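One structure is given below, encoded as structure tokens.
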Amino acid sequence: MALIEVESMVKRFGGLMAVNDVSFVIDTREIVSMIGPNGAGKTTAFNCVTGLYPMTSGAVRFDGHIITGQPPHRITRLGIARTFQNIRLFSFMTALDNVMVGAHWWMSARVWDSVVKSPRARADEKRVEARARDLLEQLGLTRYAGSYARELPYGLQRRLEIARALATQPRVLLLDEPAAGLNPQEKKELMALISRLRDEGLTIFLIEHDMRVVMEISDRIVVLDHGVKITEGKPAEVRSNPQVIEAYLGQGAAERMVDA
Amino acid sequence: MPSLGLGRLLTRERVDPTARRPRGAGTSTFWIFSIGSATLLFMGWLLPWFVRPTSSGIGYSPMDVVSSAPTGIGTFLVYLLGIGMLVMVLSPFAELFYRARKRAVPERLDQVRVLIAVFGLVSTVVVFLLTRVIQEEQLFGPIDAFTITDSAVWLTMVGYILAATAYGLRGWVIRRPTTAFAALALPVGILLPLMFHQAPVFILWAAGSLGIYTLLALGLNVVVGFAGLLDLGYAAFFAIGAYTCGSLASPKHSIHLPLWVLIFLGAAVASMFGAVLGAPTLRLRGDYLAIVTLGFGEIIPDLATNNIGKLTGGPDGISSIDQPIVHLPFATINFGINKEWYYWSVLLVVIVVIVLLRNLEHSRVGRAWVALREDEVAAAATGINTTSTKLLAFAIGASVSGLAGAFYGSIVTIVSPDDFSFSVSVSILSIIVLGGIGNITGVIVGSFVLTFVIFWMLQYLNEWSATLGQTINVPSLGNIDYSQYTYMIYGVALILMMLLRPGGLIPSRARQIELTSGGEEESLAAVQGIA
Ligand SMILES: Nc1ncnc2c1ncn2[C@@H]1O[C@H](COP(=O)(O)OP(=O)(O)OP(=O)(O)O)[C@@H](O)[C@H]1O
Ligand SMILES: [Mg+2]
């Protein structure tokens, strides 16, 4: 069943068509990767889906409903959570607080409860803290619960961002280059994590440059180049697609590879 | 390779990784105690300089005793007290000296200081009691002063208690800063009017300036400190609260609502204005928002001056504002006469506001504010409604200001547009910048220091200077009007602060690191390309 449907998405920055008439579908519990050379428009597509950028034209459906034009927080609350290519944690909040911010929108304490610290607010806080600690534990961050986000090593910051996204109780997780800057061991852990999340019912949509990661975990791959979707398919199909090789290695590369 | 020990330093940063919140406030509290003690002892010693006594003539400090004629057992004790005072005044420097050399403060030093403090405390009480049973002349010798003022005794006692706590229970103060602070500040705060019953002007100042400005600073701190929105027209909400009080509790419109209703009304009306102003402007980026609020801060007093709808009384404002008269079964309290009741009311409100704001700070709302301040885009992508969260900060900040305004109107009984000029907004902003943006303790300390200097000391500086001029034979010292230099003091203080302690006197720990490492800002609207 299609969970996210992107229909003729166009995003123009002045004269630059960053995303040009791109359509694709992501099914429930699928792991879909988006690949493409630098500047292909992958992050821009992400930003359009999550409402960070208003689209020039086109539509995004989530679970059958059009979400185009909704503000980012509304889209997150509908169930689309994301991480950022250039990690955007709340640097001077503790790891625990970062995750608890993710739970902000579904906490039940009203402002008044918070002001007077009512039993309801306390219970709510306790419940969410337990949940956040649980998430930290699942991502192996328990040791760092009390440290400022910026004090964490790079690889753990990436994980913390995932924990924060998970705290929003998403149905789809959008990961923008989650493996960037990770060492091989960390990459392996990341892939295991992604598979596990999918097994638990999450749909994953990720942008990734590391082909080994992409080929190994993806059910399907969408390839973008210069804002245009050049192909889409199973890893094996995409790997052997001459257009893809050309996009990555430049004009004529495919022929040369075939010649060789 | 020689080890610089850097690695160890860095790993030690993370003392207790699983702690709920990073620590750091504790040492600030220790310093408040340490420096506060020195200040109080010093003030107790030179009391008449700091607190103008009433004309009844009782206003002498230990200094007067010593300078008159040093005979008698009492004088000897007072001398010793003076030495104790000097030790306490100098000892923070000793502490700094050790720190500068990265050496631990020797335990012996603490022990000695506690000993002196306890001895000082006991001696103070003894001297005080002796003045009640023995003729002062026998105690001190022939002096002009007949009584050491109660205030001097109190200041000295509190000073020594602070010192004994800071140095004797350093661990406790650092571990439980809030408890330590409350345990000492609360009784002193409540008893202050009794300590200064000989100087009612001081109590009125404490309520009308210190209390009100503390409230204002606490409120603005929500907007600027917690949510990170620069508001340059905060005095407007103060004005709205004050005018609400003036209109509804004065002969002006022949309405006479009680004060306790008015503080809620003032808060409600101000927060409404806050929301009305905020709704269309909060999508703006920081600097634009600052300009809009600046405009708002100018418009409100102008509207009041123009007497719109004949509501505000024009440039003269509204006068004869009611002062509460409370009838109790055993007594009648007239706030206009017994000003200490204003003091206690304001103190109660300040405490309540502090408690409530602390609750908010450590709740989901406070977290959302910090998130917003740190990274608006990430906050939005994490499900936080940035607009309503900002609006909430704006409305809550405004409501505290409105509440302060209502109190202010009642205390001074007259409100006019001049009371709410841009300079008031600047003062409040200076207080929180100086004290430590985003840190409630810092804001309170900032308001103590700045209000004391600007609204108390500057008033008397002219007199002191004249006296000094006479004494050292430089009469021109008497011609300086120091109140002209208020803004120069702000300016110099702020510049020094930015250079020496950019996070404020008591910085919030996050801000401390942030300032040393820098950070970029980017609003959601800017990212979305709509601002
Ligand atoms: N806010 C913006 N304003 C103007 N141009 C932009 C903006 N964001 C992206 N672009 C441009 O759009 C194009 C696509 O950028 P995008 O960040 O989506 O690429 P990407 O596929 O994520 O690349 P990378 O692999 O390097 O992350 C680039 O040419 C970029 O310069
Ligand atoms: Mg990108």
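Worth saying up front: this structure is predicted, and the values here are computed from it rather than measured. In what follows, chains carry the letters A, B, and so on, assigned in the order in which the sequence lines appear, proteins first and then strands, with residues in each chain numbered from 1.
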*Taking salt bridge (Lys or Arg N to Asp or Glu O under 4.0 Å) as the test, write out the residues that go with R12(A), two or more places apart.*
none

From [atom1] ([X]) to [atom2] ([Y]), nearest 0.5 Å:
| X | Y | atom1 | atom2 | value |
| --- | --- | --- | --- | --- |
| D113(A) | N359(B) | CG | CG | 11.0 Å |
| R373(B) | F92(A) | CZ | CZ | 9.5 Å |
| S363(B) | E125(A) | OG | CD | 7.0 Å |
| L360(B) | W112(A) | CG | CH2 | 9.5 Å |
| H362(B) | K117(A) | NE2 | NZ | 8.0 Å |
| R364(B) | D97(A) | CZ | CG | 14.0 Å |

_Results of ring pair (Phe, Tyr, Trp, His ring centres under 6.0 Å) for F264(B) - residues two or more places apart only_ = none

_Less than 4.5 Å to any heavy atom of chain B: does that hold for the side chain of A109(A), its backbone, both, or neither?_
both

*Go through the atoms of T168(A) and report whether side chain, backbone, both or neither lie under 4.5 Å from a heavy atom of chain B.*
side chain

*Output every pair passing side-chain hydrogen bond (donor to acceptor under 3.5 Å, both in side chains) with a member in residues 100-111 of chain A, not counting sequence neighbours, ordered by first then second residue.*
S108(A)-D124(A)

Over 12 foreign heavy atoms within 6.0 Å of [atom1], [X]:
| X | atom1 | answer |
| --- | --- | --- |
| R120(A) | CZ | yes |
| F273(B) | CZ | no |
| R198(A) | CZ | yes |
| H209(A) | NE2 | yes |

*Tell me, do M107(A) and R367(B) make a side-chain contact under 4.5 Å, heavy atoms counted?*
yes

*Looking only at non-hydrogen atoms, find the nearest pair between F84(A) and A381(B) and report the distance.*
CZ-CB, 3.6 Å

*Shortest non-hydrogen separation from F90(A) to T382(B) and the atoms involved*: CZ-OG1, 4.2 Å

*Look at I384(B), N385(B), V355(B) and state which one has the largest set of heavy-atom pairs under 4.5 Å with chain A.*
N385(B)

*Which bit of L357(B) is near chain A, if near means a heavy-atom gap under 4.5 Å: side chain, backbone, both or neither?*
neither

*Interface residues of residues 67-79 of chain A facing chain B - non-hydrogen atoms under 4.5 Å apart*: P72(A), H73(A), T76(A), R77(A)

